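Just the heavy atoms: all of them, side chains too, but no hydrogens, waters or symmetry mates, feed the values below. Predicted model only: the values in this text are computed from it and were never measured.
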Amino acid sequence: MGKTPAAPRFCATSFNSRPIFLRGPACFGHKTLVSCSAPPKDKQMGKKIIVIGAGIVGVSTAIWLRRFGQTVTLVDRADPGQGASYGNAGLLAACAMVPETTPDLFFKAPKMLLDRDSPLFVRWSYLPRMLPWLTGYMKHANDRDTRRISGNLAEITSDTVTQHWALTEGMGARDYLNKSDYVFAYRSRADFEAEAYTWQIRRARGFDPTLIEGPAVQEFDPGYGPNIGCLAVVKDHGFVTDPGGYVASLADEFQRMGGRVVRADVTDIEASENAPPRVITSEGAMSCDKVVIASGAWSKTLMKKLGLRIPLESERGYHIVMKDASGGPRAPTMVSSGKFAATPMKAGLRCAGIVELGGLEAGPSDAPFALLRRQIPEAFPHLEFSSEQTWMGHRPATTDSLPLIGQVRRSGVYTAFGHQHVGLTGGPKTGRLVAGLIADQPSNLDLGAYAPDRFGV
């Protein structure tokens with residue numbers, strides 16, 4: 001007889017037409033059924049939870065908490081899906097587990113800062129404020145840390161398509177999702193081979209690309225121009241046709257499940273090991289049993305109020321949407337030369353990327369948009385569009401490139417932020433993990449690498 005397969009970490013089962021997830025051998029064969037009913041919309045039940053932040057991570061957490069029978073209020077100063085979740089590249093990037101802090105970053109970074117065609121920008125006036133973060137970030141630019149971080153990120157990203165489909169089971173929000181290849185576009189085979197280190201790590205996780213070269217590139221997709229001579233095509237990925245609309249739709253579904261959405265600024269959290277936490281907002285104080293901080297790059301201030309100084313900075317990201325576009329790529333494409341992703345969406349072709357280190361307060365810079373405008377026609381010379389729309393937002397980046405997932409000591413406050421480039425990709429799984437911790441239905445994934453107190457006080 002063959003060897004009994006290892007139990008999956010999560011297994012989809014029946015929950016009144018929605019999946020729940022169990023642990024252990026009972027999940028073999030995906031046949032286990034759980035006899036229970038969905039939470040009544042008009043009944044207060046379970047713990048009383050406040051989720052701060054209505055992006056993809058916060059909304060996913062809120063939905064899974066409702067499925068686990070909790071009473072949930074989602075609080076944000078803006079409408080759901082209007083922060084980083086609105087402006088991302090829309091990718092379900094399963095293979096996005098390699099951090100930017102690869103061993104060669106020490107050599108690449110100075111050259112990138114001096115190259116006008118590099119996707120790395122710094123607002124020099126902000127540099128003194130971010131030097132402590134930058135020093136901690138660069139300390140991880142070594143082989144040992146890169147492989148450790150990659151392994152931990154892979155636990156959050158590699159099953160993203162399955163996680164999004166599970167999140168949207170029985171929901172209209174499913175219409176925003178598409179399964180697809182993910183294409184990495186290079187000028188030449190040599191440029192692809194220059195990233196051998198990164199591809200070695202991806203291959204070890206099962207993401208082995210199919211290479212397409214020469215004239216076969218344009219046969220594969222005529223949207224690519226002659227400057228692209230090599231494609232690395234990876235299966236089992238996906239994309240969202242309207243990220244902001246997707247999260248807004250999920251928030252509507254959450255309210256139909258009996259959840260509550262409150263528009264308010266969160267100014268403080270009162271928490272201790274001896275009393276339930278309270279959330280102080282611009283609309284007054286809100287009592288609860290547990291709190292989840294899922295407010296992205298703005299989470300640092302709230303964590304400071306809990307006595308933790310989190311090394312978190314904003315990686316300012318930019319996008320341009322070419323509206324009513326034609327002649328672009330058919331599948332989501334990472335253009336290696338410019339490190340931007342081009343994703344076909346309902347509104348047009350969204351080209352998103354760039355890393356600008358410059359904090360939360362300053363407005364958009366002109367140079368990142370100018371760079372995108374130079375690089376897009378080089379990759380897609382046949383692209384035609386009616387107009388363009390620009391956006392700048394904030395990705396929450398920790399010094400070790402890992403999110404914070406877990407409880408802050410025994411305060412009743414949980415964290416779900418710090419996903420850097422993979423918030424949309426890892427949001428649904430993060431939400432399910434945190435909801436499971438709160439609802440006493442934890443996964444068997446060791447969350448120690450994501451502990452919110454790992455940086456000390």
Side-chain angles (χ1 to χ4, degrees), residues 88-98 100 102 104 108 117-119 150 154 157-158 160-161 177-241 319-322 325-345 348-354 371-385 421-422 424-425:
N88 57 58
L91 297 170
L92 308 186
C95 69
M97 76 282 293
V98 184
E100 297 295 326
T102 51
D104 59 351
K108 291 194 308 184
D117 290 323
S118 163
S150 295
T157 66
S158 60
T160 178
V161 174
L177 301 178
N178 282 283
K179 296 179 180 179
S180 71
D181 296 336
Y182 186 16
V183 182
F184 291 78
Y186 297 91
R187 288 194 175 103
S188 66
R189 176 70 172 262
D191 287 346
F192 166 75
E193 291 175 348
E195 295 185 358
Y197 179 83
T198 296
W199 282 108
Q200 179 193 52
I201 293 174
R202 289 174 180 150
R203 284 188 174 104
R205 289 283 170 172
F207 297 102
D208 196 2
T210 299
L211 294 187
I212 300 173
E213 299 181 73
V217 167
Q218 283 71 39
E219 293 173 11
F220 176 81
D221 188 336
Y224 300 120
N227 287 335
I228 295 177
C230 179
L231 304 178
V233 182
V234 189
K235 302 291 184 183
D236 300 324
H237 282 66
F239 67 99
V240 180
T241 58
H319 85 219
I320 298 177
V321 175
M322 278 66 181
S326 62
R330 292 193 294 250
T333 300
M334 173 59 69
V335 180
S336 179
S337 59
K339 297 298 181 186
F340 72 90
T343 308
M345 294 188 178
L349 183 70
R350 177 176 294 186
C351 296
I354 311 295
L371 176 61
L372 283 171
R373 291 188 181 105
R374 289 197 304 273
Q375 292 179 332
I376 291 167
E378 290 180 6
F380 312 113
H382 311 299
L383 184 66
E384 296 182 358
F385 55 95
H421 300 268
V422 295
L424 180 65
T425 295

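- Y197 is not listed as a side-chain neighbour of D104, based on a closest heavy-atom distance of 4.5 Å or more.
- Atom-to-atom distance recorded for R350:CZ and N88:CG is 6.5 Å, nearest 0.5 angstrom.
- Looking at V335 and Q375, their side chains never come closer than 4.5 Å, going by heavy atoms from C-beta outward.
- Proximity of I354 to P119: side-chain heavy atoms (C-beta onward) are separated by under 4.5 Å at one or more points.
- When all heavy atoms are compared, the tightest approach of Q218 to G225 is NE2-O, 3.0 Å.
- Considering all non-hydrogen atoms of both residues, D236 and V161 come closest at O-CG2, 4.0 Å.
- Electrostatic pairing of E195 and K108 does not count as a salt bridge here, judged by no charged N lying under 4.0 Å from a carboxylate O.
- Ring geometry for F380 versus Y224: interplanar angle of 30 to 60°, hence tilted.
- Under the 4.5 Å side-chain criterion, counting only non-hydrogen atoms from C-beta, I228 is not in contact with S337.
- Atom CG in L211 sits 9.0 Å away from atom CG in L231 (nearest 0.5 Å).
- At least one donor-acceptor pair under 3.5 Å links the side chain of D221 to the backbone N or O of G223.
- Listed here is the closest heavy atom pair of P381 and P226: CG-CD, 4.2 Å.
- Take E384 and apply the side-chain hydrogen bond (donor to acceptor under 3.5 Å, both in side chains) test, not counting sequence neighbours, and it matches no residue.
- The side-chain hydrogen bond (donor to acceptor under 3.5 Å, both in side chains) search around E378 returns none, not counting sequence neighbours.
- Take T198 and apply the side-chain hydrogen bond (donor to acceptor under 3.5 Å, both in side chains) test, not counting sequence neighbours, and it matches no residue.
- In this structure a side-chain-to-backbone donor-acceptor pair under 3.5 Å is missing from T425 to T160.
- In this structure, V240 and L177 have side chains that are in contact, with non-hydrogen atoms separated by less than 4.5 Å.
- Among residue pairs with one or both ends in residues 206-215, those qualifying as side-chain hydrogen bond (donor to acceptor under 3.5 Å, both in side chains) are R189-E213, R203-D208; sequence neighbours excluded.
- Residues S158 and F207 have side chains in contact (heavy-atom distance under 4.5 Å, counting atoms from C-beta outward).
- When atom types are taken as modelled, the side chain of T157 and the backbone of A94 share a donor-acceptor pair closer than 3.5 angstrom.
- Counting all heavy atoms, side chain and backbone alike, A154 lies closest to M97 at N-CB, 3.7 Å.
- Residues that satisfy the ring pair (Phe, Tyr, Trp, His ring centres under 6.0 Å) test with F184, not counting sequence neighbours, are Y182, W199.
- In this structure the side chain of V321 never reaches within 4.5 angstrom of the side chain of M345, judged on heavy atoms.
- What you find for P344 and F239 is that their closest heavy atoms are O-CE1, 3.1 Å.
- Proximity of L91 to L424: side-chain heavy atoms (C-beta onward) are nowhere separated by under 4.5 Å.
- We find the CZ-CD1 distance between F385 and I376 to be 7.5 Å, quoted to the nearest 0.5 Å.
- Considering all non-hydrogen atoms of both residues, F340 and M334 come closest at O-SD, 3.4 Å.
- Partners of R330 by side-chain hydrogen bond (donor to acceptor under 3.5 Å, both in side chains), not counting sequence neighbours: none found.
- Taking SG of C351 as the start and NE2 of H319 as the end, the distance is 10.0 Å to the nearest 0.5 Å.
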